[in-house]
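Step one of this worksheet: look at the structure below.
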Amino acid sequence: MSRIHHYNFLSPEEQEQRIIRKAEKQRKKIHRLRKRKIIIGFGVIFIIILFQLIMARIQTNKINNQVYSLKKELYTKQALHKKLKAESYDLKDLDYLLKVIRYKYYYSKPGEFIYNIQDKKDSN
């Protein structure tokens, strides 16, 4: 048996109402699809921005760590430079230089004897 379409049995007003409902349903479907596309678009943009922020934070932390280690190295180099500069200044003093030579290398003046006396800390 063939299927009978109900359109034939509907009045023109009912047919018009049915067409209007169908058009409204199609319009709502298109609206939902557009809304979904917009939400997905904003979601993708949000994820990209979030990713960029995370990467910027990681790079900032990496740079801060490098700055910290370089500052630490700079302070040690500055301290060494200060120490060497003071030692250079002291070595220009003849009395100090003679004391260093006598202490480290056991040099003595003619007729002078050098005795080594160990500290109590060194005897252990």
Side-chain angles (χ1 to χ4, degrees):
M1 229 184 201
S2 69
R3 204 171 205 194
I4 302 174
H5 293 291
H6 293 286
Y7 289 113
N8 297 336
F9 300 116
L10 296 177
S11 69
E13 294 88 22
E14 290 174 332
Q15 287 178 358
E16 190 178 326
Q17 286 296 322
R18 192 170 199 165
I19 291 171
I20 291 172
R21 280 194 306 261
K22 215 175 195 183
E24 184 67 24
K25 190 175 180 182
Q26 183 67 22
R27 190 186 65 74
K28 284 183 180 181
K29 183 179 177 183
I30 291 171
H31 181 70
R32 270 196 316 269
L33 288 174
R34 282 183 186 158
K35 189 176 178 182
R36 189 175 298 152
K37 286 179 184 179
I38 290 171
I39 290 172
I40 289 172
F42 278 118
V44 168
I45 290 171
F46 177 75
I47 289 171
I48 290 171
I49 291 172
L50 185 65
F51 178 75
Q52 290 293 326
L53 287 173
I54 290 170
M55 293 306 292
R57 181 69 176 181
I58 289 170
Q59 287 179 339
T60 302
N61 285 340
K62 186 187 259 188
I63 290 170
N64 285 339
N65 288 338
Q66 288 176 346
V67 167
Y68 175 75
S69 64
L70 290 174
K71 279 185 178 181
K72 190 175 177 183
E73 185 179 339
L74 175 66
Y75 293 142
T76 57
K77 301 276 184 184
Q78 284 176 338
L80 178 63
H81 176 69
K82 190 175 182 180
K83 178 183 169 192
L84 291 174
K85 194 171 183 179
E87 189 175 329
S88 168
Y89 180 75
D90 286 341
L91 289 175
K92 290 177 184 175
D93 182 18
L94 186 59
D95 291 335
Y96 177 77
L97 185 59
L98 290 174
K99 283 182 187 178
V100 169
I101 291 173
R102 289 174 139 192
Y103 179 74
K104 277 190 171 180
Y105 303 108
Y106 304 110
Y107 282 176
S108 63
K109 294 179 181 177
E112 184 179 53
F113 296 103
I114 298 177
Y115 299 101
N116 280 338
I117 302 173
Q118 291 183 343
D119 291 339
K120 290 181 182 179
K121 296 176 187 174
D122 292 340
S123 63
N124 290 336

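Residues: numbered from 1 along the sequence shown. What you are looking at is a predicted structure, and each value in this text was computed from that prediction instead of being measured. Computation of the quantities below employed the complete heavy-atom set of this structure, encompassing side-chain atoms and omitting hydrogens, waters and symmetry-equivalent molecules.
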Show your reasoning for whether side-chain contact (heavy atoms from CB on, under 4.5 Å) applies to Thr76 and Leu80.
CA-CA 6 Å; Thr76 57; Leu80 178 63; over 6 Å; no
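- Clustering of Ile, Leu, Val, Met, Phe, Trp and Tyr side chains at separations under 4.5 Å places Ile38 together with Phe42.
- The distance from atom CE of Met55 to atom CD of Gln52, rounded to the nearest 0.5 Å, is 8.0 Å.
- Leu91 and Tyr103 are members of different hydrophobic clusters when ILVMFWY side chains are connected at heavy-atom separations under 4.5 Å.
- Judged as a salt bridge (charged side-chain N to carboxylate O under 4.0 Å, His left out), and not counting sequence neighbours, Glu73 has no contacts.
- No continuous path of ILVMFWY side-chain contacts below 4.5 Å connects Leu94 to Tyr107, so the two sit in separate hydrophobic clusters.
- One distance of note links CG of Leu98 with CG of Asp93; it measures 9.0 Å at 0.5 Å rounding.
- To the nearest 0.5 Å, the span separating CZ on Arg57 from CG on Asn64 amounts to 8.5 Å.
- Cluster membership for Tyr96 and Tyr105, using ILVMFWY side-chain heavy atoms within less than 4.5 angstrom, is shared.
- Between Glu24 and Arg27 a salt bridge is recorded (basic side-chain N to carboxylate O distance below 4.0 Å).
- Separating the CD1 atom in Ile58 from the CD1 atom in Ile63 is a distance of 12.0 Å, to the nearest 0.5 Å.
- Taken together through direct or relayed side-chain contacts under 4.5 Å among Ile, Leu, Val, Met, Phe, Trp and Tyr, Leu84 and Val100 form parts of separate hydrophobic clusters.
- In this structure a side-chain-to-backbone donor-acceptor pair under 3.5 Å is present from Thr60 to Ala56.
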Apply the test side-chain contact (heavy atoms from CB on, under 4.5 Å) to residues Arg32 and Lys29: give CA-CA distance (whole Å), side-chain angles for both, the deciding distance (0.1 Å), then the verdict.
CA-CA 5 Å; Arg32 270 196 316 269; Lys29 183 179 177 183; 4.0 Å; yes
